Amino acid sequence: QVQLVESGGGLVQAGGSLKLACTASGSIFSINHMGWYRQAPGKQRELVALITDGGTTNYADSVKGRFTISRDNAKNTVYLQMNSLKPDDTAVYYCYAWLYLDFKTLKTFWGQGTQVTVSS
């Protein structure tokens, strides 16, 4: 079964950094888009960052200049480097990916979520 396994979450003080990683495993033909969403308690889930198969990136305005998304196709992994963290960044972060299951079947998958807590 296809899985997205996340790591790197934790508790950090404001101004600190964390690096999240998400690795896709299972019967995957190839990887298209990958990205990160987050959801804080009582708030809508929002797109944080996205990276296409061609390497084009997109960021939420709230994280531009602080977060960097990257991917390592050989490792089936997407990363989110988070710098200058703020308390407002506190949320559950979810890995998201468009995966080719065969040469013509493209489907979306979600990771289990990893908690990021930024203290004041």
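Just so you know, these numbers come straight off a predicted model, no measurement behind them.
No donor-acceptor contact under 3.5 angstrom links the side chains of Thr90 and Thr117, judged on distance only.
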- Task: Evaluate the side chain to side chain donor-acceptor pair (under 3.5 Å) criterion for residues Asn83 and Ser17: first the C-alpha distance (whole Å), next the side-chain angles of each, then the deciding distance (0.1 Å), finally the verdict.
- Result: CA-CA 4 Å; Asn83 298 325; Ser17 297; 2.9 Å; yes
- Message: Evaluate Phe67 against Leu18 for side-chain contact (heavy atoms from CB on, under 4.5 Å), listing each step before the verdict.
- Response: CA-CA 10 Å; Phe67 291 10; Leu18 287 172; over 6 Å; no
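Taking each heavy atom of Leu4 and Ala24 in turn, the nearest pair found is CD2-CB, 3.5 Å. Taking both residues in full, the closest heavy atoms of Ala91 and Ala40 are given as CB-N, 3.8 Å, listed atom of the first, atom of the second, then distance. Residues Gly35 and Ile69 approach most closely at CA-CD1, 3.8 Å, considering heavy atoms. Minimum interatomic distance between Leu11 and Ser119 (heavy atoms only, all atoms of both residues): CD2-OG, 4.3 Å.
In this structure, Leu99 CG and Ile28 CD1 are separated by 5.0 Å, a value rounded to the nearest 0.5 Å. Separating the OG1 atom in Thr52 from the CG atom in Asn32 is a distance of 7.5 Å, to the nearest 0.5 Å. Arg66 contributes atom CZ, which lies 6.5 Å from atom CG of Leu85 (distance to the nearest 0.5 angstrom). Atom OG of residue Ser7 and atom OH of residue Tyr79 lie 8.5 Å apart, to the nearest 0.5 angstrom. To the nearest 0.5 Å, atoms OG1 (Thr77) and CE (Met34) are separated by 7.0 Å. To the nearest 0.5 Å, atom CZ of residue Phe109 and atom CD1 of residue Ile31 are 11.0 Å apart.
Side-chain contact between Met82 and Val48 is absent, with no heavy atoms from C-beta onward closer than 4.5 Å. Taking 4.5 Å as the limit, some side-chain heavy atom of Lys104 sits within range of a side-chain heavy atom of Asp102. Side-chain contact check for Leu47 versus Asn58: some heavy-atom pair is nearer than 4.5 Å. Between Tyr59 and Thr68, some side-chain heavy-atom pair lies under the 4.5 Å cut-off. The side-chain heavy atoms of Phe29 and Leu101, taken from C-beta on, include no pair separated by under 4.5 Å. Put simply, the side chain of Arg38 reaches to within 4.5 Å of the side chain of Asp89, judged on heavy atoms. Residues Arg71 and Asn73 have side chains in contact (heavy-atom distance under 4.5 Å, counting atoms from C-beta outward). In this structure, the side chains of Leu80 and Val78 stay at 4.5 Å or more apart for every pair of heavy atoms.
The stretch residues 48-62 participates, sequence neighbours left out, in these salt bridge (Lys or Arg N to Asp or Glu O under 4.0 Å) pairs: Asp61-Lys64. Sequence neighbours left out, the pairs with a member in residues 55-120 that pass disulfide bond (SG atoms under 2.5 Å apart) are Cys22-Cys95.
The hydrophobic clustering, which links ILVMFWY residues whose side-chain heavy atoms are closer than 4.5 Å, places Val12 and Leu20 together. Tracing side-chain contacts under 4.5 Å through hydrophobic residues (I, L, V, M, F, W, Y), one never reaches Leu50 starting from Tyr93; they form parts of separate clusters.
No more than 12 heavy atoms of other residues, nucleotides or ligands sit less than 6.0 Å from atom CD of Gln3. Other residues, nucleotides and ligands contribute over 12 non-hydrogen atoms within 6.0 Å of the CD atom of Glu46.
Under the ring-ring contact (aromatic ring centres under 6.0 Å, His included) criterion, Tyr37 pairs with Tyr96, Trp110, sequence neighbours left out.
Proximity of a side-chain donor or acceptor of Gln39 to a complementary backbone N or O of Val92 within less than 3.5 Å is not detected.
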